[in-house]
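A short write-up of the structure that comes next.
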Protein chains: 4
Amino acid sequence: MGAVKNKRMPRAVREQQMLDAAVRTFGQRGYRAASMDEIADLAGVSKPLVYLYLNSKEDLFTACIRREAAALTTAVRAGVQPGLPADRQLWAGLRAFFTHTAENPDGWAVLHRQARTHGEPFAVEVAAMREELVAFVTQLIVVAAREAHRDPSLAEREVAGLAEALVGAAESLAAWANATAGVSAKQAAATLMNFAWAGLGDLMENRPWTPPQD
Amino acid sequence: MGAVKNKRMPRAVREQQMLDAAVRTFGQRGYRAASMDEIADLAGVSKPLVYLYLNSKEDLFTACIRREAAALTTAVRAGVQPGLPADRQLWAGLRAFFTHTAENPDGWAVLHRQARTHGEPFAVEVAAMREELVAFVTQLIVVAAREAHRDPSLAEREVAGLAEALVGAAESLAAWANATAGVSAKQAAATLMNFAWAGLGDLMENRPWTPPQD
Amino acid sequence: MGAVKNKRMPRAVREQQMLDAAVRTFGQRGYRAASMDEIADLAGVSKPLVYLYLNSKEDLFTACIRREAAALTTAVRAGVQPGLPADRQLWAGLRAFFTHTAENPDGWAVLHRQARTHGEPFAVEVAAMREELVAFVTQLIVVAAREAHRDPSLAEREVAGLAEALVGAAESLAAWANATAGVSAKQAAATLMNFAWAGLGDLMENRPWTPPQD
Amino acid sequence: MGAVKNKRMPRAVREQQMLDAAVRTFGQRGYRAASMDEIADLAGVSKPLVYLYLNSKEDLFTACIRREAAALTTAVRAGVQPGLPADRQLWAGLRAFFTHTAENPDGWAVLHRQARTHGEPFAVEVAAMREELVAFVTQLIVVAAREAHRDPSLAEREVAGLAEALVGAAESLAAWANATAGVSAKQAAATLMNFAWAGLGDLMENRPWTPPQD
DNA sequence: AATGAATGAGTGTTCATTCAT
DNA sequence: AATGAATGAACACTCATTCAT
């Protein structure tokens with residue numbers, strides 16, 4: 001049995017307990033391998049109650065995705081101060097991102113690994129969140145280009161590709177940082193900032209980007 | 001029923017047909033959702049024959065991973081000429097990578113999405129291949145740094161992080177290029193080269209990296 | 001379909017129904033040839049319920065063995081009055097044994113034929129019961145020898161062999177009595193008592209052992 | 001693979017190899033658990049050849065039963081000298097029986113355990129052999145009774161029961177002797193002779209039957 | 001005399017889901 | 001607000017058996 005059985009709780013609380021159990025189970029076992037039995041057990045309730053509140057396995061998984069996606073985007077947004085220069089904003093966003101994914105490995109696994117692996121209905125859900133992150137990065141690139149008085153004809157698709165690459169690198173580094181002992185969220189963010197802002201070419205000339213002190 | 005039933009084929013041929021069907025099914029449905037019935041049907045053989053030749057679902061999936069991993073690394077290696085400068089090598093490797101993944105979407109899905117999502121035995125298989133790619137990139141970075149007479153004390157972990165970010169960006173761009181109409185392998189490679197070699201900072205100052213004519 | 005479907009019964013009752021069906025099916029078909037489908041059908045429930053309550057075919061078979069072994073030893077023990085002379089005790093035990101096996105042919109088949117034929121895990125279960133019967137007989141022989149003031153150096157292995165022979169004869173006669181029309185439990189017991197107590201030699205000299213009137 | 005593959009052997013030899021493999025496999029695994037694959041492999045031939053020569057699994061098992069039954073009855077008959085007194089004949093027969101079963105444990109397992117456990121068609125086969133042994137014992141009892149000038153009205157069923165008990169005890173002791181370290185065929189036979197000829201009652205009075213010196 | 005290639009039919013087991021209370 | 005009882009449908013895997021050579 002999972003949690004201690006506290007009987008007669010208000011629905012909202014029970015639902016969160018179920019989602020907690022579901023995120024953990026889905027994150028560790030995967031969508032198909034996770035059984036409703038295990039989730040109900042871990043949540044400390046009977047299976048019919050899970051169905052009463054969350055309708056079906058698909059709906060339950062979708063609810064997990066939405067909750068974890070909202071938590072992640074909220075965390076990133078909360079970490080960023082809109083007024084700052086583009087590089088400071090990106091730095092702050094990356095730190096928030098790596099911190100949140102490190103602290104919520106199961107939620108991150110649900111979003112990054114499971115949701116995108118198990119068919120359209122779920123991939124669509126997670127795509128919305130990813131869009132938001134990509135849009136955030138895209139806007140930063142555009143703003144930075146404008147600030148640098150760069151040719152405004154910078155192709156939209158080119159920017160989209162860059163943003164995609166940056167987000168992809170971030171996702172990959174999140175997994176790497178979590179799996180590699182001794183790599184903190186801050187270090188992961190610094191690595192990516194160096195890569196993204198200065199590029200390997202600059203690095204070769206010994207001018208790494210330096211994170212601000214905080 | 002999937003393929004036309006060609007009866008009485010030598011074992012080696014049948015095995016490749018089964019692997020073709022399995023890669024397609026695993027890539028599209030995922031490991032758990034793919035049924036041995038569907039794979040056998042798509043391969044145009046009966047289920048017992050699949051078991052006779054490939055032993056079990058796990059072994060079949062592992063065989064898929066190995067075949068696709070070998071195909072990908074072979075393609076990348078074949079695309080690279082060892083003698084060239086680091087940036088030319090990276091460029092060639094990326095082009096080969098994006099070309100191969102675009103031409104083998106199911107194989108790429110098996111490697112990138114399914115194998116890493118469904119537990120240790122499979123993740124280990126794919127990790128070996130990824131190690132190879134990361135090692136290739138790592139070595140390029142080290143060589144480039146030496147060529148640029150850069151401080152040789154470049155921390156190992158720092159390089160590892162950069163290589164990880166680059167490979168992660170490549171993996172992410174592969175999915176993006178395949179999903180976005182009109183983005184060729186060459187364009188995806190160029191986008192990533194710009195990002196990796198010059199960085200966003202350089203881009204802001206209007207000095208994009210230019211692919212060589214070929 | 002086997003039994004009439006009585007829906008919604010408490011677990012304990014359903015379990016007994018399942019064991020009834022399983023003993024019958026295992027006893028008649030054998031362990032391997034008995035299918036869980038048939039057992040579930042005969043019990044009037046669906047297969048998943050059998051698995052929910054009894055876990056697996058192995059566990060189900062083991063549960064059958066334990067139940068039937070307990071029933072048999074209980075019956076034999078209940079038939080014997082400890083204070084009586086050895087021959088009276090043996091007589092009572094044999095009557096109980098033949099009566100019980102005649103009334104529970106499937107249970108007896110499970111114990112005597114199937115359990116001992118299908119591998120260690122089951123043979124071990126049944127061996128415990130057989131030990132008990134052999135021990136009962138062994139102790140009677142020892143007591144009888146003491147009562148007869150016989151040389152107490154009667155070798156242990158000799159006694160073990162005699163007990164083994166007696167129990168083996170009983171097992172064999174149980175099958176014979178059940179298969180031969182008109183042979184009652186009492187007659188089977190009398191035959192074995194004559195054989196065991198007086199031996200063929202005595203029989204030749206016309207001194208058969210006579211069962212007490214009851 | 002089991003045996004070394006000697007190609008192109010005469011049919012009669014191949015058949016014996018197959019039966020050897022089948023007896024071993026059936027004896028150790030049981031009828032259902034033994035697979036034709038394993039038997040063919042152990043015999044060093046391909047499965048179709050087994051079917052070509054022995055037709056089906058049922059026929060193969062039946063052939064095993066017949067061969068082993070014939071071997072056992074032949075061994076017992078060969079051990080007995082018809083002219084001798086009844087007790088000497090019984091003694092010789094038992095020795096032959098225990099010796100043969102100890103030397104052919106798989107064959108004995110096929111006859112005693114497997115054949116009687118797996119349905120009518122096989123039980124019938126083995127019953128024929130058992131009849132023969134029971135008949136041999138029955139005749140000995142009748143002869144002994146006549147020699148002892150006993151009342152010739154000795155009920156047929158009574159004799160049948162005694163013979164059944166004796167054979168059952170022998171079967172049981174064969175298993176016991178094989179499983180108990182240090183119990184030889186001769187000792188097993190002596191134990192049973194004591195039990196059968198003198199009975200427990202005589203034993204109590206210290207007059208055990210003594211085997212002749214040979 | 002002998003076999004590599006192939007399958008129809010079935011088995012144990014699991015799971016998402018519902019009913020009755 | 002909550003659950004014990006129950007199942008339809010599917011799935012991985014095996015096996016006796018045959019065909020074509």
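In what follows, every chain begins at residue 1, and chains take the letters A, B, ... in the order their sequences are listed.
- Phosphate contact (OP1/OP2 of E/dG4, side-chain N/O of B/Arg14, threshold under 4.0 Å): absent.
- Sequence order on DNA chain E of the closest nucleotides to C/Lys57 and B/Ala12 puts B/Ala12 first from the 5' end.
- Atoms CE (A/Met36) and P (F/dA6) sit 21 Å apart, rounded to a whole Å.
- Put simply, CG on B/Leu52 is 14 Å from P on F/dC13, counting in whole angstrom units.
- No contact: A/Arg11 has no heavy atom under 4.0 Å from any strand.
- Across all strands shown, E/dG8 forms a Watson-Crick or G-U wobble pair with F/dC15, both key distances being under 3.5 Å.
- Side-chain nitrogen and oxygen atoms of C/Arg8 include none within less than 4.0 Å of the OP1 or OP2 phosphate oxygen of E/dT21.
- Under a cutoff of 6.0 Å and an axis angle of 45°, B/Lys57 and B/Tyr31 form a cation-pi pair.
- If you find the closest nucleotide of DNA chain F to D/Ser35 and to A/Arg32, the one lying nearer the 5' end belongs to A/Arg32.
- For the pair D/Glu38 CD and F/dT14 C1', the computed distance is 14 Å after rounding to whole Å.
- Nucleotide F/dA2 holds its C1' atom 13 Å from the CE atom of A/Met9, rounded to whole Å.
- Centroid-to-centroid, the aromatic rings of D/His118 and C/His118 come within less than 6.0 Å.
- A salt bridge links A/Arg67 with A/Asp20: the distance from a Lys NZ or Arg NE/NH1/NH2 to an Asp or Glu carboxylate oxygen falls below 4.0 Å.
- The 12-atom threshold is not exceeded at CZ of A/Arg66, counting heavy atoms of other residues, nucleotides or ligands nearer than 6.0 Å.
- Annotation: the span from A/Arg116 atom CZ to B/Thr117 atom OG1 amounts to 10.5 Å, rounded to 0.5 Å.
- Listed for the B/Lys47 side chain is no donor-acceptor partner under 3.5 Å among the backbone atoms of B/Glu38.
- Backbone-only contact: B/Ala34 has heavy atoms under 4.0 Å from sugar-phosphate atoms and none from a base.
- Atoms CD1 (A/Ile39) and P (E/dT17) sit 11 Å apart, rounded to a whole Å.
- With a cut-off of 3.5 Å on both Watson-Crick or G-U wobble distances, the partner of F/dA10 is given as E/dT13.
- Along DNA chain F, the nucleotide closest to D/Lys47 and the one closest to C/Lys47 are compared, and the more 5′ of them pairs with C/Lys47.
- Using the Watson-Crick or G-U wobble rule with both distances under 3.5 Å, F/dA1 pairs with nothing in any strand shown.
- Rounded to a whole Å, the CD atom of A/Glu15 is 13 Å from the C1' atom of F/dA1.
- Each of E/dA5, F/dA2, F/dC13 was ranked by its minimum atom distance to the side chain of D/Pro48; first place goes to E/dA5.
- F/dC15 atom P lies 13 Å from atom CZ of D/Phe26, rounded to whole Å.
- Of the candidate nucleotides E/dT3, F/dT7, E/dT7, E/dT7 has the atom lying nearest to any side-chain atom of B/Leu49.
- Distances shorter than 4.0 Å separate none of the side-chain N or O atoms of D/Tyr51 from OP1 or OP2 on E/dA2.
- Atom pair A/Glu58:CD and E/dC15:C1' shows a separation of 15 Å (rounding to whole Å applied).
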